[in-house]
Amino acid sequence: MHPGNDMTLAQLSDEILVAHVARGDSAALETLYERYASTVLGISLKIIGDQAVAEDVLQETFWRVWRHAASFQAQLGSFTSWLFRITRNLAIDMYRQRSTRPPSLDTVDDGSEFDQIPDPTANVAEQAQSSLRYQQVRKALATLPMLQRQVIEMAYFSGMTRQEIAEATGEALGTIHTRARLGLQKLRLELEKQEFEG
Amino acid sequence: MDKNLEELLTFYALDALTDEERELVEAYLIEHPEAREQIQELSQAASALPYSATPVRPSARPKQLLMERIEADQRKRSSIPNRSSHVRPNWLENIFWGSNRFAFGALSLVIAALAIGWVVILNKEVSRLRGEVSVLGDALLAQARSLEQINQSIDQLNAELPQQPPSAVRTIEFNGTTVQPQAYGQLIADPNSTSAVMVVTGLAPLQPGIVYQVWLIQGDTPTSAGLLTVDADGQGVLLLVSDTTIGSFNALGISVEPEGGSQQPTGDIVVLGDL
């Protein structure tokens, strides 16, 4: 692959790259991988807690992007929404296969292990953008009352249903509904204030 | 709006419903456009949740395995086997054993004669093409020799060029001082480069007349790297440009200065950290 092609692909939007992937362009998939592998692995690791298994989910996520790129429809949502949904579903399925109980969030992801190993393939602008999004979302989540944040993270990162959350927390179903709704509404307002762009 | 189903909308946005519940909600959404708007707002927040997970750089293994799978898939797609079923139809038996067999025999002789003539012509064409291939082969060999000479020249030049250090982008975190302990920042830079990106949160918005100024410090000597503007939430991004490489500095700081900045730090130091 010529360096010139690498630079051209790196400048393309996610949606155009997916269209290239749908036509069998493996270089386009490689560009998407370089762009989002760290985020995908972070999501997977947060759910599974085992780096080797999380890396299997990473590989399988992009394999599915390769196989199903033609089914992606930009008018239904962004590429990242589609990508992260695949990741989350695979990670939760993988976790459930390895454990009989729904995963808990006892291990708090406080961001203290932010990877600082030099990355020779890093695009500084993309890395800065990723760093900003990460800080914005964590700051917005930090404004939520702890119990609202807990319900949202149990639902999203553990894949627990309302009933499972109510059982795990010992709270009534109505309380779980209220916390989730208020929490998501507050999260949306906080992200709007920060002009978050996903 | 149905109260029971309204309670499910939040968990639909979080993709945390059972299959039955999801089908109920989707059927409901078709009939109730006002609910679709609510789902869209909730989904905007839910779609940001993945970004709260700390990014982790993977090892080389998953990418290597992925690309091997893709390569195998591409090879499989490009080799499409031809299969046909051999079914002899009844009309074929009629030609060989029916009343038209003599006419068919004469026609076969004519076709055979034409085929022999065609083979003779093709043989002459093949001989001509073999001659051309031989000429092209000689030309290819000459070009291969030229290419080898060019590659040798390139190798020689590479050996003479000074070795360049590999790119090494780093992310370095900073915290606020006792003046503003809630402040937090990250510097994203290649130490061999003369530019870097700084992202800061938690700084208190300033009153008119004073500004935040960023300093790159070498030994005891601070050099101004620019003025930082923060929004109402205390967030700011600054592109730093220096005359020397970022790696030549040993510390970074942010101070409060009069509007327009200062030659040296004069006000409170609000962020300080080692590079």
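Reminder, nothing fancy here: chain letters follow the sequence lines and each chain counts from 1. Note that the structure is a prediction, hence the values are computed from the model and not measured. Computation of the quantities below employed the complete heavy-atom set of this structure, encompassing side-chain atoms and omitting hydrogens, waters and symmetry-equivalent molecules.
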Engaged part of A:V151 at the chain B interface, taking heavy atoms whose separation is under 4.5 Å: side chain
I'd like to check the salt bridge (Lys or Arg N to Asp or Glu O under 4.0 Å) partners of A:E171; sequence neighbours left out, ordered by chain and number. A:R179
Chain B contact via A:D56 - side chain, backbone, both or neither, heavy atoms under 4.5 Å: both
Please flag which part of A:S26 lies under 4.5 Å from any non-hydrogen atom of chain B: side chain, backbone, both or neither. both
Contact part of A:E195 toward chain B, heavy-atom cut-off under 4.5 Å: side chain, backbone, both or neither? neither
Whether B:D15 and A:R88 form a salt bridge (side-chain N of Lys/Arg under 4.0 Å from carboxylate O of Asp/Glu) is what I want to check. yes
Expected contact set for residues 65-77 of chain A against chain B at heavy-atom separation under 4.5 Å reads A:W66, A:R67
Across all chains, not counting sequence neighbours, the ring-ring contact (aromatic ring centres under 6.0 Å, His included) partners of A:F62 are A:Y33
Hey, which residues of residues 65-73 of chain B are touching chain A, say heavy atoms under 4.5 Å apart? B:L65, B:L66, B:M67, B:R69, B:I70, B:D73
Indicate whether any N or O donor in one side chain lies under 3.5 Å from an N or O acceptor in the other, for B:S52 and A:Y134. no
Heavy-atom proximity to chain B below 4.5 Å, by part of A:L184: both
Do the charged groups of A:E30 and B:K63 touch, with an N to O distance under 4.0 Å? yes
So for B:S59, is it side chain, backbone, both, or neither that comes closer than 4.5 Å to the heavy atoms of chain A? both
Check whether any side-chain heavy atom of A:R162 sits under 4.5 Å from a side-chain heavy atom of B:T18, and report yes or no. no
